[in-house]
Amino acid sequence: MRAEVRAFVIEQLADMNYDVEDIDDDTTLGPSGVDLESLALADLSVRVEDRYGLTFADDESEKLALMTVGEFTTMVADRVAGATSDPS
């Protein structure tokens, strides 16, 4: 699942006209990495929410900007796995 989420995130970043050539799991989403500004980060979050049926809390955006691509994809994959195994 993590590899699928990572591929989706990279694909979306490329679609948003970001250079994905040198992105790896240690690249941060915010400053000094991909350098997503708040609007772009919100766009990526919405794309991930729509694709995987997740919801990010409003107060998570600052945390997301500090995450690496690897941390973000792991978090999304873990939430998807938790949502699919949740009996409710």
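This chain uses plain numbering: 1 for the first residue, then up along the sequence.
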Is any NZ, NE, NH1 or NH2 atom of the basic residue among Glu11 and Arg6 found under 4.0 Å from an Asp or Glu carboxylate oxygen of the other?
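Not counted as a salt bridge, because no side-chain N and carboxylate O are separated by less than 4.0 Å.
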
Does this structure show an ion pair linking Arg2 with Glu71, if we count only N-O contacts that are shorter than 4.0 Å?
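No, Arg2 and Glu71 are not salt-bridged.
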
Given 3.5 Å as the limit, does a donor-acceptor pair link the side chain of [X] with the main chain of [Y], or not?
{"X": "Asp58", "Y": "Ser61", "result": "no"}
{"X": "Thr28", "Y": "Leu66", "result": "no"}
{"X": "Ser32", "Y": "Asp35", "result": "no"}
{"X": "Gln12", "Y": "Val9", "result": "no"}

Would Val48 and Phe56 count as a side-chain contact (heavy atoms from CB on, under 4.5 Å) if you check the C-alpha gap in whole Å, the side-chain angles of each, and the deciding distance to 0.1 Å?
CA-CA 9 Å; Val48 169; Phe56 294 107; 4.1 Å; yes

So for atom [atom1], which belongs to [X], do other residues, nucleotides or ligands contribute more than 12 heavy atoms lying within a distance under 6.0 Å?
{"X": "Glu62", "atom1": "CD", "result": "no"}
{"X": "Glu37", "atom1": "CD", "result": "no"}
{"X": "Asp50", "atom1": "CG", "result": "yes"}

Any heavy-atom pair between the side chains of Tyr52 and Arg47 that's under 4.5 Å?
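No; the side chains remain at least 4.5 Å from each other.
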
Taking Met1 as the starting point, is it possible to reach Val76 by hopping between hydrophobic residues whose side chains are less than 4.5 Å apart?
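Same cluster.
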
Starting from Val46, can I reach Leu64 by hopping between I/L/V/M/F/W/Y residues whose side chains sit under 4.5 Å apart?
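The answer is no; the residues belong to distinct hydrophobic clusters.
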
Which residue in the set Leu54, Val5, Thr55 passes side-chain contact (heavy atoms from CB on, under 4.5 Å) when paired with Arg79?
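For Arg79, the side-chain contact (heavy atoms from CB on, under 4.5 Å) test succeeds with only one of Leu54, Val5, Thr55, which is Leu54.
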
Applying side-chain contact (heavy atoms from CB on, under 4.5 Å), run through Phe8 and Thr73 and close with a yes or a no.
CA-CA 9 Å; Phe8 179 79; Thr73 55; over 6 Å; no

Heavy atoms only: give me the nearest Leu29-Leu44 pair and the separation to one decimal.
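Here Leu29 and Leu44 meet closest at CD2-CD2, 4.4 Å.
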
For residues Pro31 and Ala65, report the shortest heavy-atom separation together with the two atoms involved.
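Taking Pro31 first and Ala65 second, the nearest heavy atoms are CD-O, 4.5 Å.
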
Take Thr27 and Thr68 through the side-chain contact (heavy atoms from CB on, under 4.5 Å) test and state the conclusion after the steps.
CA-CA 5 Å; Thr27 304; Thr68 64; over 6 Å; no

Applying side-chain contact (heavy atoms from CB on, under 4.5 Å), run through Phe72 and Lys63 and close with a yes or a no.
CA-CA 10 Å; Phe72 180 69; Lys63 291 183 222 169; over 6 Å; no

Spacing of CG belonging to Leu36 relative to CG belonging to Asp43, to within rounding of 0.5 Å:
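Output value for this atom pair is 9.0 Å.
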
